[in-house]
2 protein chains.
Amino acid sequence: MARAATTLDPFNAIAEPKRRKVLETLAGGEQPVNDLVECLGWSQPVVSKHLAVLKEVGLVSMRQHGRQRFYRLNGEALKPVHDWVKTFERFWTTHLDGIKTRAERKQREQRSNTSVP
Amino acid sequence: MARAATTLDPFNAIAEPKRRKVLETLAGGEQPVNDLVECLGWSQPVVSKHLAVLKEVGLVSMRQHGRQRFYRLNGEALKPVHDWVKTFERFWTTHLDGIKTRAERKQREQRSNTSVP
DNA sequence: ATAATATATGCCGTTACAGGAATGTGTCAA
DNA sequence: TTGACACATTCCTGTAACGGCATATATTAT
């Protein structure tokens with residue numbers, strides 16, 4: 001068989017750095033395509049194509065006014081990604097706060113104090 | 001240009017559903033490849049290849065014991081993804097806790113209080 | 001040394017997909 | 001209507017991801 005089916009989910013959408021950049025830009029508020037083109041410094045078709053992908057996945061929505069099309073971020077579509085990654089949170093938080101580690105060391109010290117006086 | 005390499009960063013690595021499944025499985029503890037093969041139901045080369053990608057990005061580490069190779073999850077490598085997605089958290093939490101909605105209603109009430117006494 | 005086991009790797013075919021260039025579509029202005 | 005503007009879409013090309021299959025490599029067992 002060939003490649004796996006193109007499951008167009010948010011995970012795939014944000015795998016592309018440029019699409020993440022688009023989302024970051026739109027986090028500041030809705031913008032017409034041309035503003036994005038100027039702000040990001042890419043060609044207009046490139047911007048439009050990435051916007052099309054983001055819209056398909058539901059990460060952005062579009063509102064037309066005259067000949068301009070305003071794209072707006074729909075951050076809620078990132079929740080599945082957030083929820084998935086969050087299930088792994090314990091793998092770095094336990095290292096950062098060090099509470100558990102310190103507590104355990106204390107316990108070890110206390111045990112050695114009592115057993116080896 | 002082609003697509004970005006999957007071994008480039010965790011974002012690309014977890015874009016593949018099968019690789020996410022591998023990480024979920026390894027969250028329960030380290031496992032040799034054959035156990036993963038049986039548990040996941042894929043061919044051995046497929047499992048090995050995905051493990052190779054995950055290892056390149058640093059999402060898993062490997063320990064050899066005899067002829068078995070135990071793969072262990074390194075969840076910390078997911079932190080960049082978590083941190084990035086977290087910056088968009090307000091886009092769905094504000095709807096859930098209703099902070100924004102309540103604040104806006106308050107503003108409307110105050111406006112109507114002053115303008116329409 | 002030979003066989004069996006555990007895993008990695010190389011090759012191949014198919015398909016995805018990013019970017020460039022050109023063109024299509026729809027809307028406003030004169 | 002004609003032209004300018006804003007944007008989408010199509011065609012093309014190069015690169016590489018995925019999976020299957022076969023094979024290589026390394027370790028243990030006999």
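Values reported hereafter were calculated over all heavy atoms of this structure, with side chains retained and with hydrogens, waters and symmetry mates removed. Numbers restart at 1 for each chain; the letters A, B, ... are given by sequence-line order, proteins then strands.
The two residues A/Ala27 and B/Arg90 make their nearest non-hydrogen contact at O-NH2, 3.6 Å.
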Requested in this report: Let me see the working for B/Leu59 and B/Ile14 under side-chain contact (heavy atoms from CB on, under 4.5 Å), right down to the final yes or no.
Outcome: CA-CA 10 Å; B/Leu59 274 164; B/Ile14 68 170; 4.1 Å; yes
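With the nearest nucleotide of DNA chain C identified for both A/Glu16 and B/Phe70, B/Phe70 has the one nearer the 5' end.
OP1 or OP2 of D/dA8 sits under 4.0 Å from a side-chain N or O of A/Tyr71. Using a 4.0 Å cut-off, no side-chain N or O of B/Lys49 falls inside it from OP1 or OP2 of C/dT7. The phosphate of D/dG19 has OP1 or OP2 within less than 4.0 Å of a side-chain N or O from B/His50. Residue A/Arg69 places none of its side-chain N or O atoms closer than 4.0 Å to OP1 or OP2 of C/dG26. Within the 4.0 Å cut-off from OP1 or OP2 of C/dT7, at least one side-chain nitrogen or oxygen of B/Asn34 is found. Considering only side-chain N and O atoms, B/Ser48 lies nowhere under 4.0 angstrom from the phosphate OP1 or OP2 of C/dT7.
In the set C/dG19, D/dG19, C/dA8, C/dG19 carries the atom at the smallest distance from any side-chain atom of A/Lys18. The A/Val46 side chain lies nearest to C/dG20 when the options are C/dG20, D/dG19, C/dT7. The side chain of B/Pro45 has C/dT9 as its nearest neighbour among C/dG19, D/dG19, C/dT9.
As a whole-Å value, the separation of A/Arg67 CZ from D/dA6 P is 6 Å. For B/Arg63 and C/dA6, the CZ to C1' distance is 15 Å, given to the nearest whole Å. Computed from coordinates, the A/Leu51 CG to C/dA18 P distance equals 13 Å when rounded to whole Å. The separation between A/Lys55 atom NZ and D/dC7 atom P is 13 Å, rounded to whole Å. In this structure, CG of B/Asn12 is placed 13 Å from P of D/dA16, rounded to the nearest angstrom. Separating the CD atom of A/Glu30 from the P atom of D/dA6 is a distance of 17 Å, rounded to the nearest angstrom. Per the geometry, NE2 belonging to A/His65 stands 15 Å off C1' belonging to C/dG26, to the nearest Å. Atom CD1 of B/Ile14 and atom P of D/dA17 are 16 Å apart (whole Å).
When the salt bridge (Lys or Arg N to Asp or Glu O under 4.0 Å) test is applied to A/Lys55, no partner is found at least two apart in sequence or on another chain.
Using a distance-only test at 3.5 Å, with no hydrogens or angles considered, a donor-acceptor pair links the side chain of B/Arg19 to the main chain of B/Ala13. Between the side chain of A/Asn74 and the backbone N or O of A/Ser61, no donor-acceptor pair lies under 3.5 Å.
Side-chain N/O atoms of A/Gln44 and base N/O atoms of D/dA8 include a donor-acceptor pair closer than 3.5 Å.
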